[in-house]
Amino acid sequence: MSIFTKILQYIFTGLTIGSIFAMVGLGFNIIYNATDIINFAQGEFVMIGGMVMVSLTKGMNIPMIPAFFLTIIIVAIVGILLERLAINPLSNPSIITIIIITIGASIVFKGLAMLIWGKDTFILPAFTGETPINVGGAVIIPQSIWVLGITLLVVACLAVFFEKTLLGKAMRACATNRKAASLMGINVNRMVMLSFALSAAIGAVSGVIITPISLMDYHRGTMLAIKGFAAAILGGLGSGAGAVIAGFLIGIMESMGAGFISSGYKDAIALVVLLLVLFIKPTGLMGKSELR
Amino acid sequence: MKKILSAYNIRKEFGGLTAVDKVTFDVYEGRIQSLIGPNGAGKTTIFNLVTGFSPLTSGKIHFRDTIINKKSPHKLVHMGIARTFQNVLLFENMTVLENVMVGRHIRSRCGLISSAFKFPWVFREERAIRHKAMEELSFVGLEKRAGEKAGSLPFGEQRAVEVARALATDPVLILLDEPAAGLNTHETQKLAQLIKQIRDRGITVFLVEHDMSLVMDISDHIMVLNYGEKIAEGGPREIQNDPQVIGAYLGEEI
Amino acid sequence: MNIKNIFIFILMLAAIVIFPLFVPNKYYISVMVVVGFNVLICIGLCMLMGYAGQISLGHAAFYGLGAYTSGVLCTKYLFNPWLAMLCGIIITGGVAYLIGVPSLKLKGHYLAMATLGFGEIVFIAFNELSFLTGGPSGMTSIPRLSLFGLALNTDLRFYCFTWVVVLVTVILSINIVNSRVGRALLAIHGSERAALAAGVNVPAHKIQIFVLSAIYASIAGSMYAHFVTFISPSSFGFMKSITLVTMVVIGGMSDIWGACIGALILTVLPEYLHVFHDYEILIFGVTLMIIMILMPKGLFVGAMDGIEWIKSKIFRKTNEKDTVGI
């Protein structure tokens, strides 16, 4: 392979995995905007999404498309339960309390997943065929195209939701100013719940689409959460567009790093990026000018 | 009279918005000098610039003979500039006395290691800190509240604790940011007395205040700021009769 | 130390002396040694989080740096273990300083993530630098410590050594938090702006306490390496950092004793949870969440508040009686 095809290949791989970071980053932002909470259990939504899809399609033989939507609904309910049971009862919690509770939640999800699905690694069949497509000497598997396409679709839907629909506008109002929003008659409490549901649903989608490529097991969530957070920070915490671009960037950097340097340090790349951004420009590429 | 603080052409922008525009002023030693102006005129911004809480965009600030443009707040406290905040910032989980004791931090030295091993001088220093803090508390009339949690005090007394904490740093210049805000008439009168007493101790007072009767009552010198620019200065009498000032305050009573 | 601290200190001393007499079981003694390591780290973390108000989700890295410095220097370069431990302190302190300066400018979630990221990077380094660390499978035959010619080669001897170190650390740390420095830390926790205005050098104090807490973790790490004589990266990962923070918070981070109790509970509890096999993580997670939701100030501080409340009730009652009597 020439260096050019190599780079092209790494970009394809990077964009695919970067899609997942982008979606996890988006999930972080949705909850952060509505509540100022960083949900450390965000990666677990992806894991649960993948696992539930496996059970529905392989265990219960439900066809792929209904199973897909069912998975999203189930994981969204998990998100709602998390918010209702663990976040909502808190009155005026400190940041440390919130961090520990969401970490506690991620441990609980991990524990439950281990009980339900065991410690095995699961795989899903690709949505449409496994024959790689040749592009300029590099190969791209059909599932990668699905991952990219669905990610872009989700991003577009979110954009329409937040810009055009009344509900989306109400959620944005909560993000800008909770007090004002509640004075305007918006039910802030319900918006917070909704943000968890939405964020969990996005996690579920990414879990379903990535499992055919990178497989899934019960303790996959933590690393995904950290990289998704790196994406959210690099893009600027709170900025949806920023998270998506940053997610792709980190994905590409990671696959290049794995290819050119060493696959052992692959995971370190996103982390080094995270630290550098935090140390040099914590507001990220597209963040608001002031740190909260 | 000797200048203690002088600002030359100071300017502050926040993302394109000019909050303070080329203001020049002097504060003279031993006086009560006030800075007034309508809301949003840039008074608190000037305080933040002088005390190192926000960096200048351009210009120069001298404290006595030193340029203090890039000094961090705690260094300025060490040089003798103390301040209070408009919305009262106390350490709410600490007692009133402990709050004031923190003010002695800069004038004491025991570090991590000597504290850990409790060397004899740690006791001595701690006693001195406590003593001085109690003195400042009685100065503002709160010695009886020493053991209470600062957050549990009524607002007026919290203000006084903050002043005591600032005084505990042994300042030569103290900046009070709207000390009368939220106080009733009786408390405001006591505050006026307190500010005069502070001046009588030889500490220069630089005051931002909205309560005009208080300002006119105690100030030796007044500067008026509007839209980030200085529009007038002089004694209380002159200011009250200045047409520009009256224009800026149109509709408000001076 | 005030009366409360002296009282609890004596209780703790008594418990430490009595425990091996009544529970001569080798396994439980070794569990208590590990409790000692965790208490040591948690005291440092408590000063950092509970007093200075700065979170760290990467303290397992400092623990690991101590352990690996001891391990590598003693096995590969045949250092004296005590010298290796000292090198560990210096290296860990230096790393903590370098990472602390930029990190501690950040607040809240940003600081949490920066320390988490740092911790993970160190964890990856432990795994990947196999020429030094032995990679994921770890390194073995780390020598035991010996003190004045007496080899600390039984669990009981190491137990005594560990808890003497812990007791000394407790005293030093209580002195620190009750000093001018401790007051400055509490002030920073309360309001950084107010602390600056009162003349506290906020960045310097934050870094100082961050480095100190890292050094505590490093000492615990070195002791751990010499105690179990075998280390691998899995003991110093993200979960360890989380567990440490959790110990401090569950015990009650505004009090050093709280951190000690948290360390005790969360080290001993999993030993019992082993009975539940696969349910272990789940029960751990649920317990964590419930305590945090119901008692966000932690068990110890919650209990102390309770005692204060009861005391105030009794006190008021006697007062009322007095007035009635007159």
Side-chain angles (χ1 to χ4, degrees), chain B residues 47-48 51-53 72-85 87-95 97-119 122-123 125-126 129-130 133 150-151 162 164-166 168-171 175 177, chain C residues 1-2 5 43-44 47-48 50-53 93 105 168-216 253-256 297 301 305 308:
Chain B
F47 267 28
N48 285 340
T51 51
F53 274 83
S72 51
H74 73 271
K75 286 223 175 85
L76 294 171
V77 177
H78 187 71
M79 293 174 73
I81 305 178
R83 73 168 293 176
T84 65
F85 294 91
N87 41 358
V88 181
L89 285 181
L90 289 183
F91 314 118
E92 296 192 359
N93 285 329
M94 297 163 79
T95 66
L97 181 64
E98 283 168 342
N99 264 272
V100 183
M101 285 168 84
V102 175
R104 291 306 290 165
H105 189 84
I106 198 85
R107 306 288 171 212
S108 44
R109 328 195 356 211
C110 284
L112 202 63
I113 292 172
S114 48
S115 301
F117 292 97
K118 283 227 161 167
F119 293 133
V122 177
F123 291 97
E125 192 183 83
E126 195 69 9
I129 291 174
R130 195 172 288 268
E162 206 189 15
R165 186 179 68 200
T169 65
D170 283 344
L175 287 78
D177 197 349
Chain C
M1 291 213 276
N2 59 24
N5 285 337
I43 293 171
M47 291 197 283
L48 181 69
Y51 284 85
K105 288 179 187 156
V168 171
T169 311
V170 165
I171 295 175
L172 296 182
S173 306
I174 286 183
N175 284 345
I176 289 174
V177 296
N178 290 316
S179 72
R180 166 181 177 269
V181 176
R183 209 160 41 232
L185 296 178
L186 272 180
I188 292 169
H189 193 174
S191 159
E192 281 193 24
R193 283 171 72 80
L196 278 169
V200 176
N201 187 345
V202 173
H205 276 285
K206 281 203 230 171
I207 287 161
Q208 194 181 43
I209 207 67
F210 187 71
V211 170
L212 183 72
S213 69
I215 287 175
Y216 282 8
M253 63 177 180
S254 59
D255 197 303
I256 285 190
K297 279 170 146 187
V301 178
D305 284 356
E308 282 299 314

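All values below were derived from every heavy atom in this structure, side-chain atoms included, with hydrogens, water molecules and symmetry-related copies excluded. Every chain is numbered from 1, with letters handed out A, B, ... down the list of sequences.
- Summarising the geometry of C/Val200 relative to B/His74, their closest heavy-atom pair is O-CB, 3.5 Å, with the distance given to 0.1 Å.
- Residue B/Pro73 comes nearest to C/Leu196 through the heavy atom pair CB-CB, 4.0 Å, listed as atom of the first residue, atom of the second, then distance.
- Summarising the geometry, atom OG belonging to B/Ser115 is positioned 8.5 Å from atom CG belonging to C/Asn175; distances are rounded to the nearest 0.5 Å.
- Neither the backbone nor the side chain of B/Glu162 comes within contact range of chain C, judged by heavy atoms closer than 4.5 Å.
- Smallest separation of non-hydrogen atoms from B/Gly111 and C/Val181: C-CG2, 3.7 Å.
- Chosen from C/Ala187, C/Ala184, C/Gly182, the residue pairing most often with chain B at heavy-atom distances under 4.5 Å is C/Ala187.
- Of all non-hydrogen atoms in C/Ala197 and B/Phe85, the two that sit nearest each other are CB-CE1, 3.5 Å.
- Residues B/Leu89 and C/Ser191 share a closest heavy-atom pair of CD1-OG, 3.9 Å.
- Here C/Ala195 is the residue among C/Ala195, C/Ser254, C/Ser173 with the most heavy-atom pairs under 4.5 Å with chain B.
- Distance check, rounded to the nearest 0.5 Å: CG of B/Asn87 to CZ of C/Arg193 gives 8.0 Å.
- Heavy atoms of B/Ile129 lying under 4.5 Å from chain C belong exclusively to its side chain.
- Closest heavy-atom contact between C/Ala198 and B/Thr169: O-CG2, 3.7 Å.
- C/Arg180 has its side chain out of reach of B/Arg104: every pair of non-hydrogen atoms, C-beta onward, lies at least 4.5 Å apart.
- Surrounding CZ of B/Arg107 are more than 12 heavy atoms belonging to other residues, nucleotides or ligands, all under 6.0 Å away.
- Neither the backbone nor the side chain of B/Thr51 comes within contact range of chain C; no heavy atom of the residue lies under 4.5 Å from a heavy atom of that chain.
- The CD atom of C/Gln208 sits 8.5 Å away from the CD1 atom of B/Ile113 when rounded to the nearest 0.5 Å.
- Counting heavy atoms from C-beta on, the side chains of C/His189 and B/Asn93 never come closer than 4.5 Å.
- Only the backbone of B/Arg109 comes within contact range of chain C, judged by heavy atoms closer than 4.5 Å.
- Only the side chain of C/His205 comes within contact range of chain B, with at least one heavy atom under 4.5 Å from a heavy atom of that chain.
- The greatest number of non-hydrogen atom pairs below 4.5 Å with chain C, out of B/Met101, B/Lys75, B/Glu125, is found for B/Met101.
- Proximity to chain C involves both the backbone and the side chain of B/His105, based on heavy atoms less than 4.5 angstrom apart.
- Using a 4.5 Å cut-off between heavy atoms, B/Glu126 touches chain C through its side chain atoms alone.
- Residue contact with chain C, scored on non-hydrogen atoms closer than 4.5 Å, involves the side chain of B/Asn48 exclusively.
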